[in-house]
2 protein chains.
Amino acid sequence: MSSKIKIIDIAERTGLSTTTVSRVLTGKAKQYRIGKRSQQIIEEVAKELNYIPNHFAATLKSGKTNTISLIVPTLGNPFFANIASLINNEVRKLGYTLIISDSNEDIETEILEIQQLVSRNVEGFIIIPSGENFEHIEQIYSQGLPLVLLDRYFENSNLPYISTDNYQGAITATKYLIEHGHTSIACIQGVKSSTPNKMRIKGFKHAMQEEGLTNIHVIGDDFSVQNGYQETKLLLRWKERPTAIFALSNTITMGCLKALKEENIKVPDDISIITFDDHLYLDFLETPITCIAQPVEHICKIGLKYLFSKLNNELELITDHVMLRPDLKIRNSVKKMS
Amino acid sequence: MSSKIKIIDIAERTGLSTTTVSRVLTGKAKQYRIGKRSQQIIEEVAKELNYIPNHFAATLKSGKTNTISLIVPTLGNPFFANIASLINNEVRKLGYTLIISDSNEDIETEILEIQQLVSRNVEGFIIIPSGENFEHIEQIYSQGLPLVLLDRYFENSNLPYISTDNYQGAITATKYLIEHGHTSIACIQGVKSSTPNKMRIKGFKHAMQEEGLTNIHVIGDDFSVQNGYQETKLLLRWKERPTAIFALSNTITMGCLKALKEENIKVPDDISIITFDDHLYLDFLETPITCIAQPVEHICKIGLKYLFSKLNNELELITDHVMLRPDLKIRNSVKKMS
DNA sequence: AATATTTGAACAAACGTTTGTTCAAATGAA
DNA sequence: TTCATTTGAACAAACGTTTGTTCAAATATT
């Protein structure tokens with residue numbers, strides 16, 4: 001580790017003070033009336049020595065990090081990875097640095113992660129939470145840290161969020177199935193405690209009941225391929241096999257397809273599928289899958305807009321709770337029953 | 001922003017010095033013979049006040065961050081997102097923090113990103129580089145920063161890397177096509193300057209020539225869906241249409257499939273496909289796609305092992321350049337020509 | 001009882017910046 | 001020439017930890 005170049009090295013080299021060097025290098029030359037010549041020579045020497053400022057010293061003194069953080073449940077899920085990529089690009093454009101964290105769908109890890117980020121003086125948080133607890137989030141929020149939840153949120157908390165109207169989305173999906181003559185529908189859910197899941201289940205049940213359907217099946221308990229696979233395997237053994245599956249995420253659908261393939265059940269001839277979340281590949285599958293697509297780009301953009309307006313203390317009256325309408329994308333995975 | 005709790009607050013509350021508090025809170029109590037009672041009361045008060053150490057102050061003094069960083073070209077590509085997720089979990093187990101950065105496939109961003117990370121005293125780098133330049137990487141490497149490249153590397157540099165044997169992989173794929181009677185093969189490549197791409201092209205050409213095939217088509221220039229789509233659209237207009245496509249990444253394949261679907265060309269009846277990179281969905285496509293699968297988990301694990309042995313100054317004689325064998329996963333996208 | 005050793009904890013100096021304030025020199029005005 | 005103003009830059013005190021060293025009290029040894 002070659003001994004690093006410090007401001008004082010530049011000061012000595014140029015015969016100027018650390019104060020002056022610091023002010024030039026942080027772009028405050030005009031403000032403090034540093035001479036043109038001094039500016040120039042400082043910049044030259046800094047470049048020549050390949051000076052990289054010590055972020056820790058700077059932050060310790062100034063308190064400013066220009067950094068915000070994004071916590072996602074797992075980057076293994078393309079839905080979240082995609083969000084991470086989108087947000088990363090936007091944040092950079094705004095002159096901030098983004099620290100991306102993967103909480104591994106584990107609340108303890110999430111809590112730890114938040115602690116570390118706070119101790120790193122992160123100035124704002126974008127969180128897709130991993131559990132049903134939110135005390136740790138409310139704690140930092142109440143300390144005044146700008147913060148916004150994406151996708152997942154909490155009903156009995158008023159932490160700000162941008163999400164999809166999962167309730168409506170589920171109703172749309174369910175009604176679509178019912179309109180196509182399906183009355184026996186198995187809904188494979190994700191993490192029971194997560195709000196999106198709750199809302200989707202609520203929408204599903206509501207739509208079923210409204211149509212007078214009482215035979216309601218909700219199964220499963222995880223947004224994973226594994227869960228989709230297992231539950232599908234099981235439901236194929238029911239004495240009265242459902243005619244349609246409503247999968248509550250793209251990962252669950254992936255598992256469904258795996259199980260169906262193994263059992264040689266054809267979509268949509270033998271069973272129909274509709275899923276939450278869109279993805280490019282859904283269009284190229286053996287049977288393109290009809291889905292409820294979330295407006296991911298919008299969620300990200302609005303989330304960032306919200307966060308930065310907080311960050312800049314803009315007092316615009318933006319609502320703290322935003323629900324965006326999902327889209328029904330009709331493809332070929334739902335059969336019209338006669 | 002409520003004024004944060006500092007070590008001195010705990011010191012005052014407990015009647016002890018900041019020195020003692022610091023030593024207890026960083027687990028050096030035994031080493032410095034702090035009394036049991038003192039330890040206990042300090043820990044109690046720290047918890048009670050919800051003390052979060054100021055990472056910047058600590059690092060500034062100690063120089064230790066326990067942080068390593070991962071730079072990927074884009075999290076939008078599941079291949080990289082997957083790597084990020086895998087590495088994140090492993091790193092955490094090792095008691096380190098991982099900062100994940102997305103360079104957006106842009107070398108300037110990558111350079112900036114590395115600068116920021118260096119100024120954050122990151123102790124090690126895992127990089128999947130985005131361009132053909134590597135001076136900036138060699139610079140930090142020569143400063144003694146532990147570093148390893150994953151997947152992509154540079155031929156005329158001896159930066160350490162863990163990668164797939166892309167040359168062999170391409171030969172395997174090409175021979176597989178040739179064995180199935182294909183002689184007119186279009187190879188859709190990714191970023192020309194990237195080493196994996198170069199090696200794959202080299203393998204492709206080598207295998208073709210070895211079989212006496214001189215009609216070699218290499219087209220395209222990006223690891224993107226867009227590129228796969230456009231090039232496929234174009235090649236379908238050739239007067240002599242190739243009987244097989246060798247796509248050099250999963251994203252390119254995605255674009256291929258989109259184009260083929262639009263033109264109503266069936267795989268493998270009308271055209272065969274083989275691709276680099278495996279993914280769960282490849283199995284569920286209309287035609288499951290035969291692929292050259294990279295040993296991603298191994299790449300990550302070996303990469304981390306390498307990095308941490310450097311980090312801990314273990315002088316084990318580990319090679320700096322590791323090439324792992326890819327696997328041919330045979331599915332249904334290649335037709336036997338008669 | 002006198003000396004040596006152990007135990008427990010504090011002093012004070014870093015770490016590399018940023019920043020409110022002061023100060024001298026140069027310039028302009030009268 | 002004298003006083004006021006502008007210009008350019010330095011002083012020195014933070015920021016919140018960590019850590020080499022010192023020191024007093026308590027205990028053990030002779």
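Basis for what follows: all heavy atoms, side chains included, without hydrogens, waters or symmetry-related copies. Below, chains carry the letters A, B, ... as their sequence lines are ordered, and counting in each starts from 1.
Looking at B/D9, its side chain does come within 3.5 Å of a backbone N or O of B/K6 through a donor-acceptor pair.
Put simply, B/K28 has a side-chain N or O that comes within less than 4.0 Å of OP1 or OP2 on D/dT19. Contact between the side-chain N/O atoms of B/K6 and the OP1/OP2 oxygens of D/dG16 is found at a separation under 4.0 Å. OP1 or OP2 of D/dT18 sits under 4.0 Å from a side-chain N or O of B/S22. For the pair A/T19 and D/dA9, the criterion of a side-chain N or O lying under 4.0 Å from OP1 or OP2 is not met. Contact annotation: A/S17 side-chain N/O to D/dA10 OP1/OP2 distance is under 4.0 Å.
The aromatic ring centres of A/F223 and A/F79 sit 6.0 Å or more apart.
In A/I8, the CD1 atom is not crowded: 12 or fewer heavy atoms of neighbouring residues, nucleotides or ligands sit closer than 6.0 Å. Atom NE2 of B/H298 has 12 or fewer heavy atoms from other residues, nucleotides or ligands within 6.0 Å.
Ion pairing between B/R92 and A/E113 holds under the 4.0 Å rule for side-chain N and carboxylate O. The pair A/R152-A/E105 meets the salt-bridge criterion, since a charged nitrogen lies less than 4.0 angstrom from a carboxylate oxygen. A salt bridge links B/K93 to B/E90: at least one charged side-chain nitrogen sits closer than 4.0 Å to a carboxylate oxygen.
Rounding to whole angstrom units, NZ of residue A/K64 and P of C/dG16 are separated by 24 Å. Note: CG (B/N66) to C1' (D/dT18) measures 15 Å, nearest angstrom. In this structure, A/I7 atom CD1 and D/dA10 atom C1' are separated by 14 Å, rounded to whole Å. Taking atom CG on A/L60 and atom P on D/dA13, their separation rounds to 17 Å, with Å as the unit. Rounded to whole Å, the distance from CG on A/N121 to P on D/dC15 is 14 Å. The separation between A/Q31 atom CD and D/dA9 atom P is 16 Å, rounded to whole Å. Rounding to whole angstrom units, CD1 of residue A/I5 and P of C/dT17 are separated by 10 Å. To the nearest angstrom, C1' of D/dT17 lies 15 Å from NZ of A/K61.
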Please write out each protein N/O paired with an N/O of nucleotides 6-8 of chain D under 3.5 Å, distance rounded to 0.1 Å.
unit_1, atom_1, unit_2, atom_2, d
D/dG8, N7, A/R33, NE, 3.4
D/dG8, N7, A/R33, NH2, 3.2
D/dG8, O6, A/R33, NH2, 3.2

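Annotation: of the two residues near DNA chain C, A/L25 and B/G15, the 5′-most nearest-nucleotide partner is B/G15.
Contacts between residues 40-54 of chain B and DNA chain D, defined by a heavy-atom separation below 4.0 Å, involve B/Y51, B/N54, listed by number.
Between B/Y161 and B/Y153, the ring planes lie parallel to each other; the angle is under 30°, not in the 30° to 60° tilted range.
For A/H136 and A/E110, the side-chain atoms include at least one donor-acceptor pair closer than 3.5 Å.
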Under the side-chain contact (heavy atoms from CB on, under 4.5 Å) rule, what do B/F125 and B/V118 come out as? Steps first, then yes or no, please.
CA-CA 9 Å; B/F125 280 91; B/V118 168; 4.0 Å; yes
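Looking at every heavy atom in both residues, B/R120 comes nearest to B/T65 through O-CG2, 3.7 Å. The two atoms that bring B/S157 and B/F134 nearest to each other are CB-CE1, 3.6 Å, heavy atoms only.
Within the 4.0 angstrom heavy-atom criterion, only backbone atoms of the sugar-phosphate kind lie near B/T26; the bases stay farther away.
Side-chain atoms of B/R23 lie closest to D/dG20 of the nucleotides D/dG20, C/dT18, D/dT18.
Overall, the helix from C/dA1-D/dT30 to C/dA30-D/dT1 carries an axis bend of 50° between its ends, with five pairs at each end and the value rounded to 10°.
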